[in-house]
Amino acid sequence: MDELFITTDQGASWQMVYDAGVGIAGFYKHQKELLALNGFINGEQEAIHPTYSSVDNGRTWQKWKYDVKVYDELRVERKIVRKGSDSYYAIVPQEPIPDEVHGGTLRQPDRLVKVVNGSELSFYFPFERTLQYLYMDANDRMYVGADGTRFEWQQVDANTRRYPSYGEPAIIYISRKPIKF
């Protein structure tokens with residue numbers, strides 16, 4: 001989360017351009033300035049607090065020079081992409097399941113859902129991950145950011161269950177075709 005990467009070939013390769021030293025929660029483009037935000041609110045649903053800025057579309061970064069009050073109301077939704085006020089896609093955590101071996105609960109992979117006029121519709125997303133960020137570009141291609149948590153199957157006393165496994169790099173999934181609202 002601390003290092004900023006850039007791709008100039010549609011994700012075929014990535015180059016680290018800046019080690020921020022703090023977690024980056026989201027990005028916001030204001031006129032010609034790209035801002036990296038490092039705070040969370042609403043259970044990590046929104047990113048706040050510009051900390052670093054770039055005037056060359058992310059190639060170089062510097063500490064943001066303005067007083068935080070300039071953008072005190074800045075909020076970037078991290079786990080929802082909207083098309084109008086009543087249609088959106090969202091990351092929804094699943095309920096944890098009991099851990100019968102060690103006690104407590106086990107986290108399950110997040111789901112992506114489509115909501116239209118208040119009704120939740122199924123949306124097929126084939127990867128079982130902890131999802132962190134949604135973004136929709138101007139061509140309606142969806143970008144789904146996932147952290148390094150991977151869920152694997154484990155057989156325990158004739159019951160099949162999932163458990164999180166860590167250690168993989170974060171990944172960005174990009175839809176090949178535009179996503180329809």
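Any value given below was found using the heavy atoms of this structure, including those in side chains, with hydrogens, waters and symmetry copies removed. Positions are given from 1 along the sequence.
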>> Run the side-chain hydrogen bond (donor to acceptor under 3.5 Å, both in side chains) test on T149 and D147 for me, step by step, so that the C-alpha distance in whole Å, both residues' side-chain angles and the decisive distance to 0.1 Å come before the verdict.
In response: CA-CA 6 Å; T149 305; D147 67 19; 3.1 Å; yes
>> Could you check whether E77 pairs with R82 (Lys NZ or Arg NE/NH1/NH2 to Asp/Glu carboxylate O, under 4.0 Å)?
In response: yes
> Is there a path from I179 to V81 through hydrophobic residues (I, L, V, M, F, W, Y) whose side chains come within less than 4.5 Å of each other?
Replying inline: yes
> Do N139 and P178 have side-chain heavy atoms sitting under 4.5 Å apart?
Replying inline: no
> Any chance the side chains of D56 and S54 put a donor and an acceptor closer than 3.5 Å?
Replying inline: yes
>> Here's a test for you: under salt bridge (charged side-chain N to carboxylate O under 4.0 Å, His left out), which of E128, E120, E95 qualifies with R111?
In response: E120
> Where the side chain of S175 meets the backbone of M142, is there a donor-acceptor pair that is under 3.5 Å apart?
Replying inline: yes
> For the side chain of T7 and the backbone of S13, is there at least one donor-acceptor N/O pair under 3.5 Å apart?
Replying inline: yes
>> Suppose we call two aromatic rings close when their centres sit under 6.0 Å apart. Are Y173 and F127 close by that rule?
In response: yes
> What's in the same ILVMFWY side-chain cluster as V115, cut-off under 4.5 Å, chained through other members?
Replying inline: I80, Y88, V92, V113
> Under 4.5 Å between any side-chain heavy atoms of P96 and L106, yes or no?
Replying inline: no
> Can you get from I48 to V22 by hopping between Ile, Leu, Val, Met, Phe, Trp and Tyr side chains that sit under 4.5 Å apart?
Replying inline: no
> Is a side-chain N or O of R78 found less than 3.5 angstrom from the main chain of L134, in a donor-acceptor match?
Replying inline: no
> Does any N or O in the side chain of Q15 come within less than 3.5 Å of the main-chain N or O of I6, such that one atom is a donor and the other an acceptor?
Replying inline: no
> Side chain of D19, backbone of E3: donor and acceptor closer than 3.5 Å?
Replying inline: no
> Is there a path from L34 to Y18 through hydrophobic residues (I, L, V, M, F, W, Y) whose side chains come within less than 4.5 Å of each other?
Replying inline: yes
>> Would you say S53 and Q62 are linked by a side-chain donor-acceptor pair, where the criterion is simply a distance under 3.5 Å?
In response: yes
> Side-chain heavy atoms under 4.5 angstrom apart, residues restricted to Ile, Leu, Val, Met, Phe, Trp, Tyr: same cluster for Y135 and I172?
Replying inline: yes
>> Which heavy atom of F123 sits nearest to which heavy atom of K114, and what is that distance?
In response: CB-N, 4.1 Å
> Just wondering, do V116 and L121 contact through their side chains at under 4.5 Å, heavy atoms?
Replying inline: yes
> Should F27 and V17 be regarded as members of a common hydrophobic cluster, given that ILVMFWY residues are connected when their side-chain heavy atoms come within less than 4.5 Å of each other, either directly or indirectly?
Replying inline: yes
> Just by modelled atom types, is the I174 backbone N or O under 3.5 Å from a matching donor or acceptor in the R141 side chain?
Replying inline: no
>> Taking A12's backbone N and O only, do any of them form a donor-acceptor pair with D9's side chain (distance below 3.5 Å, no angle check)?
In response: yes
> What are the two closest heavy atoms between G39 and A25, and how far apart are they?
Replying inline: O-CB, 3.4 Å
> Is a side-chain N or O of D2 found less than 3.5 angstrom from the main chain of G23, in a donor-acceptor match?
Replying inline: yes
>> Please check if the number of heavy atoms outside K83 that lie under 6.0 Å from its NZ is greater than 12.
In response: no
> Are N57 and K29 close enough, and set up right, to give a side-chain hydrogen bond (donor to acceptor under 3.5 Å, both in side chains), and what steps lead you there?
Replying inline: CA-CA 9 Å; N57 290 315; K29 183 86 175 214; 2.6 Å; yes
> Who passes side chain to side chain contact (heavy atoms under 4.5 Å, CB included) against K63, sequence neighbours left out?
Replying inline: T51, Y52
